[in-house]
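Any value given below was found using the heavy atoms of this structure, including those in side chains, with hydrogens, waters and symmetry copies removed. Order of the sequence lines sets the chain letters (A, B, ...), proteins ahead of strands, with each chain counted from 1.
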Amino acid sequence: MRLAKSLLPTLREDPSDAEALSHKLMLRAGLVRQLAAGIYVYLPLGHRVLERINVIIREEMNAIGGQEMTMPVMHPAEIWQKTGRWEGIPEMFKLKDRYGRDMVLGMTHEEVVAWLAAREIRSYRDLPQIWYQIQTKERDEARPRSGVLRTREFVMKDSYTLDPDVAALDRSYAAHERAYRRIFERCGLRFHVAQSDTGMMGGLGAHEFLAPCAAGEDEIALCAGCGYAANVEIARGVPAAPAFPAWTREEVATPNARTIAEVSRLLAIDPRLTIKSLLFVAPNAGPVLVLVRGDHSLHERKLTRALGEEARAAHPDEVRQHLGAPVGSVGPVGARVAVLADEALREGAYVAGANRDGVHLRGVSAGRDFEARFADLHAVAAGEACPQCGKPLAVETVIEIGNIFKLGTKYSEALGAMYLDEGGKEQPIVMGSYGIGPARIAAAAVEQLADADGIVWPAAIAPFQVHVVVVSLRDAGQVAAAEGIYDACRAAGLDALFDDRDERPGVKFKDADLLGVPVRVTVGNALAKEGVVEIKERRAPRREQRVPKDRVLDTLQEVLAHPR
RNA sequence: CGGGGCGUAGCGCAGCCCGGUAGCGCACCGGACUGGGGGUCCGGUGGUCGCAGGUUCAAAUCCUGUCGCCCCGACCA
């Protein structure tokens with residue numbers, strides 16, 4: 001591609017709307033433009049990156065027997081009503097056709113797959129199947145953000161497995177896990193595979209593929225010792241217990257001290273020796289006093305799981321009503337509501353609110369001073385012990401780039417996707433569903449590899465393999481040599497970008513660094529003086545080779561064959 | 001949905017408090033010089049100041065409403 005006449009608008013400054021590194025760089029390097037909140041145009045360069053990622057995904061999906069197809073973006077409401085997902089999903093775009101019929105814009109395709117399977121799959125002999133597509137999804141996100149990382153419209157590779165039973169599903173699931181690992185490895189990403197919450201998809205199990213990066217939205221706990229990795233939503237860490245002083249139970253005056261920090265400072269104790277008491281109200285169970293250790297924070301997803309329903313934080317007047325004391329002075333002793341405590345509080349004696357303003361209780365122990373149900377409730381912090389091997393856990397910020405779910409029979413039963421087994425008995429098809437976000441792969445690669453000068457693409461997903469820069473358009477020798485190199489690259493099957501603009505060299509070099517193409521060939525003064533051009537790797541700018549112009553292609557192929 | 005911020009030329013911003021001819025840098029167009037890390041000089045083009053209403057002799061500026069975008073949180077198949 002020749003730059004002079006291409007739509008490749010680079011920006012000298014960071015756009016004011018962009019915060020995340022990948023957002024800034026993808027805008028600056030001319031990969032994308034934003035049409036509306038969470039809705040993006042992919043310009044030619046961005047399109048190329050996505051296509052290269054999609055090629056890798058296709059190869060690996062085909063390798064495990066995936067069959068590519070295309071399902072509709074727009075669906076009749078009926079199939080969603082049958083599975084019960086028509087109601088209660090705020091992200092669903094709903095619309096009506098001209099006759100007033102309800103339609104939905106697809107955010108995922110379990111319903112369509114189950115509908116299709118209900119018509120086309122009849123016998124155990126038809127199973128297993130792996131169906132996939134690379135197609136646009138629409139989700140009315142509450143808060144699109146971070147550029148291309150969280151959008152309302154995005155392309156997704158979604159695949160679905162159909163199996164006769166759970167054992168077969170396990171095999172399809174394992175095949176996907178292997179394929180996903182290969183895809184992300186080939187894309188040049190650092191990533192982790194972690195157990196995850198099955199969430200509203202329901203189902204038998206799930207894993208997420210997570211790429212560490214600063215702009216991430218999730219956190220995972222990782223164990224370097226045994227490889228344990230889990231989203232903090234479900235990760236179980238074992239916090240070290242503090243040294244408990246030999247307290248007898250007594251009241252202590254804590255005037256004007258409400259927060260854990262204030263109380264522990266006033267009493268000159270370790271915050272780990274305090275209990276944080278939070279009143280929640282559950283729709284069915286009513287008020288629940290939730291306890292975590294003073295230095296811990298409650299993870300609300302864990303609370304939801306422990307309660308079996310979603311509770312909300314109580315209003316200050318509700319706290320007073322149920323416990324007779326203001327927020328900050330409440331505690332479990334004598335509380336006339338159910339108490340749910342984090343596992344970390346099973347042992348030891350703590351300082352807790354006394355349900356009276358200005359007073360706390362010292363030496364409070366679960367079991368002796370109050371009754372509580374225990375559950376894992378606190379968000380895992382770095383340094384807690386691994387639940388499997390006891391080594392310290394690390395916590396990393398990550399972006400989800402793929403997920404795999406064992407769905408079970410929820411969708412097939414709702415839509416009548418049945419088959420006849422060997423005994424002639426009708427059985428529901430066991431489904432799995434699996435997603436990858438190509439745009440997130442691209443953004444995660446930018447986040448992980450960029451340096452101060454711009455993007456550094458992994459060779460496998462770079463928009464071009466070679467970036468040819470001619471220093472001076474006035475020098476006919478340079479131009480002829482650069483044209484020759486550009487033509488030779490293309491003839492050899494290398495994707496090349498040719499900066500043929502009449503710009504000063506500095507502008508071209510800055511843009512080349514910004515765009516992040518793996519290898520740059522510079523045709524400049526050294527050509528006339530020494531008969532050589534320069535070949536430089538984007539990721540190793542200090543290493544530069546000077547090669548005669550007829551050796552360029554060989555050198556390029558060598559460099560590209562051994563990235564980094 | 002709760003909290004905060006911002007909408008002025010293609011991009012980045014000033015002007016707004018204290019009403020009175022809409023400005024700067026970059027980009028863009030023409031010219032001259034220059035040519036290895038975002039050049040210099042000369043001359044230009046380009047703006048319903050997000051939108052609507054109000055106050056006023058006069059509104060980018062004050063008031064009311066509204067739309068859009070960003071950030072934090074909630075949410076997230």
Exercise for the section: Select one nucleotide: of B:G38, B:C72, B:C75, the one nearest the side-chain heavy atoms of A:Val507. Expected result: B:G38
Exercise for the section: Grab the NE2-P distance between A:His467 and B:G37 for me, whole Å please. Expected result: 16 Å
Handout entry: Euclidean distance for P, B:G31 against B:C70 (whole angstrom)
Key = 41 Å
Exercise for the section: Report, as a single string ordered 5' to 3', how protein heavy atoms within less than 4.0 Å touch nucleotides 5-12 of chain B: B base, S sugar-phosphate only, - not at all. Expected result: ------BS
Exercise for the section: Can you tell me the pairing partner of B:A14 across any strand shown, Watson-Crick or G-U wobble, with both distances under 3.5 angstrom? Expected result: none
Practice task
Apply salt bridge (Lys or Arg N to Asp or Glu O under 4.0 Å) to the pair A:Arg2 and A:Asp499, showing each step before the final yes or no.
Solution key: CA-CA 6 Å; A:Arg2 289 171 174 271; A:Asp499 192 344; over 6 Å; no
Problem - Spacing between A:Phe509 atom CZ and B:G38 atom P, to the nearest angstrom - result: 10 Å
Practice task
Using heavy atoms and a sub-4.0 Å distance, could you list which residues of residues 32-40 of chain A are near RNA chain B? By number, please.
Solution key: A:Gln34, A:Ala36, A:Ala37
Practice task
Mind checking A:Glu534 for me? I need base, sugar-phosphate or nothing, with any heavy atom below 4.0 Å counting as a touch.
Solution key: base
Handout entry: Salt bridge flag under 4.0 Å for residues A:Arg546 and A:Glu530
Key = yes
Handout entry: Rounded C1' spacing from B:U21 to B:C63 in Å
Key = 25 Å
Fill in the blank from the handout: Checking N1-N3 plus N6-O4 or O6-N4 for Watson-Crick, or N1-O2 and O6-N3 for wobble, each under 3.5 Å, the partner of B:G37 is none
Problem - Side-chain-base donor-acceptor pair under 3.5 Å for A:Lys536 and B:G36 - result: no
Handout entry: Watson-Crick/G-U partner (both atom distances under 3.5 Å) of B:G53
Key = B:C63
Practice task
Nearest whole angstrom, please: distance from the P of B:A27 to the CG of A:Asp502.
Solution key: 14 Å
Handout entry: Base-pairing mate for B:A74 - Watson-Crick or G-U, with both contacts under 3.5 Å
Key = none
Exercise for the section: Could you check whether A:Thr83 gets within reach of a base, just the sugar-phosphate, or nothing at all, counting any heavy atom under 4.0 Å? Expected result: nothing
Problem - Ionic contact status for A:Lys302 with A:Glu233, cut-off 4.0 Å - result: no
Handout entry: Ion pair check, A:Lys137 and A:Asp158, cut-off under 4.0 Å
Key = yes
Handout entry: Length of the CG-C1' vector between A:Leu303 and B:A74, whole Å
Key = 14 Å
Exercise for the section: Starting from C1' on B:G37, measure out to CG on A:Asp511 and report it in whole angstrom. Expected result: 11 Å
Exercise for the section: Examine A:Lys82 relative to A:Trp115 and say whether NZ or CZ is less than 6.0 Å from the centre of the six-membered ring and inside a 45° cone about the ring axis. Expected result: no
Exercise for the section: Look only at the side chain of A:His467 and the backbone of A:Arg538, and say whether a donor-acceptor pair between them is shorter than 3.5 Å. Expected result: no
Practice task
Could you check whether A:Arg143 gets within reach of a base, just the sugar-phosphate, or nothing at all, counting any heavy atom under 4.0 Å?
Solution key: base
Practice task
Classify the nucleic acid contact of A:Arg520 as base, sugar-phosphate or nothing, counting any heavy atom under 4.0 Å across all strands shown.
Solution key: base
Problem - Atom pair CE (A:Met92) and OG1 (A:Thr108), whose distance is rounded to the nearest 0.5 Å - result: 10.0 Å
Exercise for the section: Quick one: do A:Asp14 and A:Arg28 satisfy salt bridge (Lys or Arg N to Asp or Glu O under 4.0 Å)? Show the steps, please. Expected result: CA-CA 7 Å; A:Asp14 286 337; A:Arg28 285 229 284 142; 3.3 Å; yes
Exercise for the section: For B:C67 versus B:A52, give the span between their C1' atoms, rounded off to a whole number of Å. Expected result: 10 Å
Exercise for the section: Using side chain to side chain contact (heavy atoms under 4.5 Å, CB included) as the criterion, list what pairs up with A:Leu43, not counting sequence neighbours. Expected result: A:Leu7, A:Pro9, A:Arg33, A:Val41
Problem - Distance, P atom - from B:G15 to B:A9, rounded to whole angstrom - result: 15 Å
Problem - Rounded distance in Å - CG (A:Leu515) to C1' (B:G38) - result: 13 Å
Problem - Test salt bridge (Lys or Arg N to Asp or Glu O under 4.0 Å) applied to A:Glu111 and A:Arg85, step by step - result: CA-CA 9 Å; A:Glu111 277 77 2; A:Arg85 294 161 112 191; 2.8 Å; yes
Exercise for the section: Check every strand shown and say whether A:Arg28 touches a base, only sugar-phosphate, or nothing at a heavy-atom separation below 4.0 Å. Expected result: base
Exercise for the section: Please state how far atom CZ in A:Arg152 lies from atom P in B:G68, giving the value in whole angstrom units. Expected result: 9 Å
Problem - Between CG on residue A:Leu3 and CG on residue A:Asp511, distance to nearest 0.5 Å - result: 7.5 Å
Practice task
Could you tell me whether the phosphate oxygens of B:A27, OP1 or OP2, come under 4.0 Å of any side-chain nitrogen or oxygen in A:Arg12?
Solution key: yes
Problem - Euclidean distance, atom CD of residue A:Glu141 to atom P of B:C69 [Å, nearest integer] - result: 14 Å
Exercise for the section: Write down the atom of A:Val471, the atom of A:Gly524, and the distance for their closest heavy-atom approach. Expected result: CG2-CA, 3.7 Å
Completion exercise
Contacts of A:Glu19 meeting side-chain hydrogen bond (donor to acceptor under 3.5 Å, both in side chains) (sequence neighbours excluded), chain-then-number -> none
Handout entry: Proximity to the side chain of A:Glu503 - top-ranked nucleotide from B:C28, B:G37, B:C75
Key = B:C28
Completion exercise
Answer for the Watson-Crick or wobble partner of B:C6, both distances under 3.5 Å, is B:G68
Using a cut-off of under 3.5 Å, enumerate the N/O to N/O pairs linking the protein to nucleotides 30-34 of chain B.
from  : atom 1 : to       : atom 2 : distance (Å)
B:U34 : O2     : A:Arg504 : NH1    : 2.5
B:U34 : O4     : A:Arg474 : NH1    : 3.4
B:U34 : O4     : A:Arg474 : NH2    : 2.8

Handout entry: Base-pairing mate for B:U45 - Watson-Crick or G-U, with both contacts under 3.5 Å
Key = none
Problem - With sequence neighbours excluded, residues passing side chain to side chain contact (heavy atoms under 4.5 Å, CB included) with A:Pro428 - result: A:Thr409, A:Ser412, A:Glu413, A:Met418
Handout entry: G-U wobble or Watson-Crick pairing nucleotide for B:A27 (cut-off 3.5 Å, both distances)
Key = none
